[in-house]
S.K.: 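Below is a structure I'd like to ask you about.
Residue numbers count from 1 along this sequence. We use all heavy atoms of the structure for the numbers below, so side chains are in, but hydrogens, waters and symmetry mates are not.
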Amino acid sequence: GLGMPLMLIAKIFEFSIFILLLVVIWYVINSLFNERIAFFSILAGSCCYSFYLAAGNLIPASLALIFGLLSYLYIERKKLIAASILLTFSFYSDANIPLFIALAFLIYGFLNRDKLKICLVVILDAVILSSPLLIHQLSSLAYVNLSNISENFPLELNIWIYILAVIGF
């Protein structure tokens, strides 16, 4: 494993995926809105310890979210091929998150009628490109065992950080 212990590589990925997720969130929001909204978005994300833990513990879901956010950005830029490929990467990264992303694209398309066609094309393209994996997943549903793992993350809200951010510190 690159001459490094596997546990060290896992720890590097666990930390770096959180940083990458924050960078992508900032990039997408800054591209669509402005730096101020992007800053407060990553501030909110970086202040929540359970968000950090979830991003590190659920690396495939974090990757799927990263690809989904970038796909949304390319939908906004009307770049169908890039948006479709990124949503396909999302489908290949995780089994559940891309379904929510596709649902969000559908809702977005219905709320913004001028984006409906592009959203439908991107979803259809991604489903077609992901069909080998989706067929395999559907054929293996009999082996999926859903169980309650009692994993609950409490809502973490450090009010002082938000107050200082609002007043400009």
S.K.: How far does OG of S31 sit from CZ of R77, to the nearest 0.5 angstrom?
M.R.: 4.5 Å
S.K.: For the residue pair P98 and S90, what are the closest heavy atoms and their distance?
M.R.: CG-O, 3.0 Å
S.K.: Show which residues join Y92 in its hydrophobic cluster (side-chain heavy-atom contacts under 4.5 Å, direct or indirect), or state none.
M.R.: L133
S.K.: Output, in order, the C-alpha distance, side-chain angles, deciding distance and verdict of side chain to side chain contact (heavy atoms under 4.5 Å, CB included) for L20 and F13.
M.R.: CA-CA 10 Å; L20 180 62; F13 277 114; over 6 Å; no
S.K.: Evaluate side chain to side chain contact (heavy atoms under 4.5 Å, CB included) for I85 paired with F89, printing each intermediate quantity in order.
M.R.: CA-CA 6 Å; I85 290 172; F89 288 166; 3.6 Å; yes
S.K.: Do K117 and L120 have side chains that approach each other closer than 4.5 Å (heavy atoms only, starting at C-beta)?
M.R.: no
S.K.: If you count every heavy atom of other residues, nucleotides or ligands that lies below 6.0 Å from F18 atom CZ, does the total exceed 12?
M.R.: yes
S.K.: Under a 4.5 Å side-chain heavy-atom rule over Ile, Leu, Val, Met, Phe, Trp and Tyr, are L87 and L129 clustered together?
M.R.: no
S.K.: Side-chain contact test, heavy atoms from C-beta onward, threshold under 4.5 Å: evaluate it for W26 versus L22 and give yes or no.
M.R.: no
S.K.: For the backbone of L43 and the side chain of S46, can you confirm whether one donor and one acceptor N or O come within less than 3.5 Å of each other?
M.R.: yes
S.K.: Do we get R36 above F39's six-membered ring, with its NZ or CZ under 6.0 Å from the centre and within 45° of the axis?
M.R.: no
S.K.: Would you say I135 and L141 are hydrophobically clustered, going by side-chain heavy atoms of ILVMFWY under 4.5 Å?
M.R.: no
S.K.: With ILVMFWY side chains joined below 4.5 Å, transitively, what does I107's cluster contain besides itself?
M.R.: L103, L111
S.K.: Would you say I128 ends up clustered with L99 if hydrophobic residues are merged whenever their side chains have heavy atoms under 4.5 Å apart, either directly or through other cluster members?
M.R.: no
S.K.: If hydrophobic clusters are built from ILVMFWY residues whose side chains come within less than 4.5 Å, do M7 and M4 share one?
M.R.: no
S.K.: Work out which heavy atom in I97 is nearest to a heavy atom in A61; give both atom names and the distance.
M.R.: CG1-CB, 3.7 Å
S.K.: Closest heavy-atom contact between G56 and I17?
M.R.: CA-CG2, 4.0 Å
S.K.: Would a distance-only check, ignoring hydrogens and angles, find a side-chain to backbone donor-acceptor pair under 3.5 Å from S71 to F67?
M.R.: no
S.K.: Taking the side chain as every heavy atom from C-beta outward, state whether L73 and Y27 have any atom pair closer than 4.5 Å.
M.R.: yes
S.K.: Would the number of heavy atoms belonging to other residues, nucleotides or ligands and lying under 6.0 Å from CZ of F40 be above 12?
M.R.: yes
S.K.: What's the shortest heavy-atom distance between I29 and S41, and which atoms?
M.R.: CD1-OG, 3.2 Å
S.K.: Is the number of heavy atoms from other residues, nucleotides or ligands under 6.0 Å of K115 NZ greater than 12?
M.R.: yes
S.K.: Which value, rounded to the nearest 0.5 Å, describes the distance between L70 atom CG and L65 atom CG?
M.R.: 9.5 Å
S.K.: With rounding to the nearest 0.5 Å, note down the distance linking CG in L86 to NZ in K79.
M.R.: 12.0 Å
S.K.: How close do A64 and D94 get, heavy atom to heavy atom, and via which atoms?
M.R.: CB-CB, 3.7 Å
S.K.: Do S139 side-chain atoms and H136 backbone N/O form a donor-acceptor pair below 3.5 Å?
M.R.: yes
S.K.: Do you know which two heavy atoms are closest between S62 and A54, and how far apart they sit?
M.R.: OG-O, 4.3 Å
S.K.: Under 3.5 Å, is there a donor-acceptor pair between the side chain of N30 and the main chain of A38?
M.R.: no
S.K.: Out of curiosity, N96 CG to F91 CZ, how far, rounded to the nearest 0.5 Å?
M.R.: 11.0 Å
S.K.: Does F100 CZ have over 12 foreign heavy atoms under 6.0 Å away?
M.R.: no
S.K.: Going from CG on L69 to CG on L32, what distance comes out if it is rounded to the nearest 0.5 angstrom?
M.R.: 10.0 Å
S.K.: So, taking the atom named CD1 in I101 and the one named CG in L106, what distance separates them when rounded to the nearest 0.5 Å?
M.R.: 12.5 Å
S.K.: Quick one: do I81 and L124 end up in the same hydrophobic cluster if we chain Ile, Leu, Val, Met, Phe, Trp and Tyr together by side-chain heavy atoms under 4.5 Å apart?
M.R.: no
S.K.: Take V122 and L80 through the test side chain to side chain contact (heavy atoms under 4.5 Å, CB included) and record every step on the way to the result.
M.R.: CA-CA 6 Å; V122 167; L80 283 162; 3.8 Å; yes
